[in-house]
Amino acid sequence: MNVVIGVLVVVVFTALAVTVMLLVRRSAPDGSYFADGDRASGVFGVLATGFSVLLGFLIFLSFESYDDSRTGAEEEATVLVQQVETAQFMPAAVSERLTGELVCYGRSVVNAEWRAMETGTLGDTVNPWGVAMFRTLETVDPRTATEQSAYDRWMDQTLAREQARITRIHGAEGIIPIPLWVIMFVIGGMLFVYMLFFADSGERAVTQAVLMASVAVVVSFLLLILIFLDRPYGEGPGKLQPLAMERTLRLMDAVQEAVDLELTLPCDSDGTPR
């Protein structure tokens, strides 16, 4: 969620909550609607505690998923560089082809896959260049000790890359189930309604406005944080971007220049097969 939009949501919700509070205050009895304020405060404490505990647990869970997605993207990019190096020791018949497919894999992640993760539409889609590398690998027949070592190393790196990709895309569609979202907003709504019963015509309007605004701001900001962490991909500050893979692609270009390797890539600039 964009920061500006998030702040506007908080401002609008707080203004609405304060307005409703002041309207209810006009007809409220002196001392609030509760005959026993201490008992009412105790019940409110139970509601607020239950809400905060559940919300805190979900924020922790979402942040863990957010961090895992970031770590997975970095590990995937690191392994891709290592596979480029390993490909140079594979049989000459497939070495250049595998290197080109690795470059296309990186481009596909930066463009098509990242856009799909931002919109939550990636699902179970397989990266086409992962499949292409598998088919290329089927034709490999290592004959020397170096080629056999590179082949074995490639298999280990492929496993690590695929696991890192799974970790990266795990949080793309959100990890919090809909029933928990419903519960969170229902409890939040209950807190808002309960606060209205503290409306007191005997108190100044400013005091009543601050009372409601404090609760509205805290609850809305916490819910926005949860939404932000549950959807880690997208535009805006703090959202995960393919920086690690972009850095890897630049490093691949540098490696190609260093070893004077001229590749005929089977894809265009965004990783789409030619």
Short question: side chain of [X], backbone of [Y] - any donor-acceptor pair under 3.5 Å?
X	Y	answer
Thr78	Glu74	yes
Arg25	Glu203	yes
Asp230	Leu226	no
Ser201	Ala28	yes

Within the 4.5 Å heavy-atom criterion, are [X] and [Y] side-chain neighbours or not?
X	Y	value
Thr99	Glu96	no
Asp152	Met155	no
Val9	Ser220	no
Phe34	Ser41	no
Pro232	Ser65	no
Val24	Phe198	no
Met195	Phe44	yes

Identify every side-chain donor-acceptor pair in residues 52-60 under 3.5 Å, counting partners at least two apart or on other chains, and give the distances.
from: Ser52; atom 1: OG; to: Ala48; atom 2: O; distance (Å): 3.0
from: Ser52; atom 1: OG; to: Thr49; atom 2: O; distance (Å): 2.9

Could you state the interatomic distance from [atom1] ([X]) to [atom2] ([Y]), rounded to the nearest 0.5 Å?
X	Y	atom1	atom2	answer
Ile227	Arg231	CD1	CZ	10.0 Å
Leu240	Ser69	CG	OG	6.5 Å
Thr125	Met117	OG1	CE	11.5 Å
Gln163	Arg161	CD	CZ	12.0 Å
Thr146	Gln88	OG1	CD	13.5 Å
Glu147	Phe89	CD	CZ	11.5 Å

**Message:** Quick test of your reading: applying ring pair (Phe, Tyr, Trp, His ring centres under 6.0 Å), list the pairs with at least one residue in residues 124-168, sequence neighbours left out, ordered by first then second residue.
**Reply:**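 Residue pairs with at least one partner in residues 124-168: there are none.
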
Joint hydrophobic cluster, [X] plus [Y], side-chain heavy atoms closer than 4.5 Å:
X	Y	result
Met190	Leu211	yes
Leu16	Leu8	no
Val110	Met252	yes
Val94	Leu265	yes
Leu223	Val182	yes

If you take all heavy atoms of [X] and [Y], which pair is closest and at what distance?
X	Y	value
Val18	Met212	N-CG, 3.9 Å
Val84	Leu102	N-CD1, 3.5 Å
Pro29	Asp200	O-OD1, 3.6 Å
Gly171	Ile175	CA-CG2, 4.2 Å
Met90	Ser95	O-CB, 4.0 Å
Ser62	Leu229	CB-CB, 3.6 Å

**Prompt:** Quick one: salt bridge (charged side-chain N to carboxylate O under 4.0 Å, His left out) partners of Asp141, sequence neighbours excluded?
**Reply:**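 Only Arg143 meet the salt bridge (charged side-chain N to carboxylate O under 4.0 Å, His left out) criterion with Asp141.
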
**Request:** Please say whether more than 12 non-hydrogen atoms of neighbouring residues, nucleotides or ligands are located less than 6.0 Å from OH in Tyr194.
**Result:**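 More than 12 within 6.0 Å, yes.
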
**Prompt:** Aromatic rings Phe63 and Tyr66: how do their planes relate, parallel, tilted or perpendicular, breaks at 30° and 60°?
**Reply:**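 Parallel.
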
**Asked** When the ring planes of Phe192 and Phe13 are compared, do they come out parallel, tilted or perpendicular, using 30° and 60° as the limits?
**Response**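 Rings of Phe192 and Phe13: tilted, 30 to 60°.
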
**Message:** Checking Glu76 against Thr248 for the side-chain contact (heavy atoms from CB on, under 4.5 Å) test, could you report, in this order, the C-alpha distance in whole Å, the side-chain angles of both residues, the deciding distance, and whether it holds?
**Reply:** CA-CA 10 Å; Glu76 182 183 30; Thr248 290; over 6 Å; no

**Message:** Tell me every residue that passes side-chain hydrogen bond (donor to acceptor under 3.5 Å, both in side chains) with Asp253, counting only those two or more places apart in sequence or in another chain.
**Reply:**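 Here no residue qualifies.
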
**Message:** So, using side-chain hydrogen bond (donor to acceptor under 3.5 Å, both in side chains) as the criterion, who are the partners of Trp114 when residues are at least two apart?
**Reply:**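 Result, side-chain hydrogen bond (donor to acceptor under 3.5 Å, both in side chains) vs Trp114: none returned.
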
Distance only, no hydrogens: is a donor on one side chain within 3.5 Å (strictly under) of an acceptor on the other, for [X] and [Y]?
X	Y	result
Arg153	Thr86	no
Thr167	Glu75	no
Gln157	Gln83	no

**Message:** Show me the pairs that pass salt bridge (Lys or Arg N to Asp or Glu O under 4.0 Å) and involve residues 111-137, at least two apart or across chains.
**Reply:**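 As it turns out, the salt bridge (Lys or Arg N to Asp or Glu O under 4.0 Å) pairs with a partner in residues 111-137, which skip direct neighbours, are Glu113-Arg165, Glu113-Arg168.
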
**Item:** side-chain contact (heavy atoms from CB on, under 4.5 Å) between Tyr105 and Cys267, intermediate numbers included
**Value:** CA-CA 9 Å; Tyr105 178 94; Cys267 64; over 6 Å; no

